[in-house]
Amino acid sequence: MPTFETLPRSERDWKKLTPEQRALFRKVILESFVPDLAAPERPFRAGLRVKGVTAHPGVFEMTWDGDGRATFCYGEEKSAGEPHVIWRRIGTHAIFTPPPGP
């Protein structure tokens, strides 16, 4: 079974999701993402639309709903032979908007 970790920013993002969004994200992770991780001989299913984030090598984007997005990267294995996923951002497409600043 893969292991997971969350960054502080993804934890803040999580708190902003509605209960319905949280439930759907969990469902997608358990029913699609985890099984796809367990089958390394094939890519992620097309519906998840997992792809690399060009501006950030090693970071991946995943679609978990019409406007639901999450970014993640892989970390050092915590359990031998199992991927370790680090959730970076979770939310809508707005997570890709740069923060305001000078």
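- The side-chain contact (heavy atoms from CB on, under 4.5 Å) check on Ala46 picks up nothing, with sequence neighbours excluded.
- Here Lys27 pairs with Glu31 under the salt bridge (charged side-chain N to carboxylate O under 4.0 Å, His left out) rule; sequence neighbours left out.
- Val59 belongs to a hydrophobic cluster whose remaining members, ordered by chain and number, are Val53; membership requires side-chain heavy atoms of ILVMFWY residues under 4.5 Å apart, directly or through intermediates.
- Listed by chain and number, the residues in a side-chain contact (heavy atoms from CB on, under 4.5 Å) with His84 are Thr3, Glu5, Lys78, Ile86 (sequence neighbours excluded).
- Of all heavy-atom pairs between Cys73 and Gly58, the closest is CB-O, 3.3 Å.
- A donor-acceptor pair is defined here as one N or O able to donate and one able to accept, closer than 3.5 Å; no such pair exists between the side chain of Thr92 and the backbone of Asp67.
- Under a cut-off of 6.0 angstrom, the local environment of CD in Glu76 is sparse, with at most 12 non-hydrogen atoms contributed by other residues, nucleotides or ligands.
- Contacts of His93 classified as ring pair (Phe, Tyr, Trp, His ring centres under 6.0 Å), with partners at least two apart in sequence or in another chain: Phe96.
- At distances below 3.5 Å, not a single donor-acceptor pair connects side-chain atoms of Arg12 with backbone N or O atoms of Leu7.
- Taking the salt bridge (charged side-chain N to carboxylate O under 4.0 Å, His left out) definition, one finds that Glu20 meets it with nothing, sequence neighbours left out.
- Residues passing the salt bridge (charged side-chain N to carboxylate O under 4.0 Å, His left out) test with Arg88: none are found, sequence neighbours excluded.
- Phe72 forms part of a hydrophobic cluster together with Met1, Phe4, Trp14, Leu17, Leu24, Phe25, Val28, Ile29, Phe33, Val34, Leu37, Phe44, Leu48, Val50, Phe60, Met62, Trp64, Tyr74, Val85, Trp87, Ile90, judged by ILVMFWY side-chain heavy-atom separations under 4.5 Å.
- For residues 47-64, the pairs satisfying salt bridge (charged side-chain N to carboxylate O under 4.0 Å, His left out) are Glu61-Arg69, with sequence neighbours left out.
- Applying the side chain to side chain donor-acceptor pair (under 3.5 Å) rule to Glu11 yields the partners Thr6; only residues at least two apart in sequence or on another chain are considered.
- Checked against salt bridge (charged side-chain N to carboxylate O under 4.0 Å, His left out), Arg45 has the following partners two or more places apart in sequence or in another chain: Asp36.
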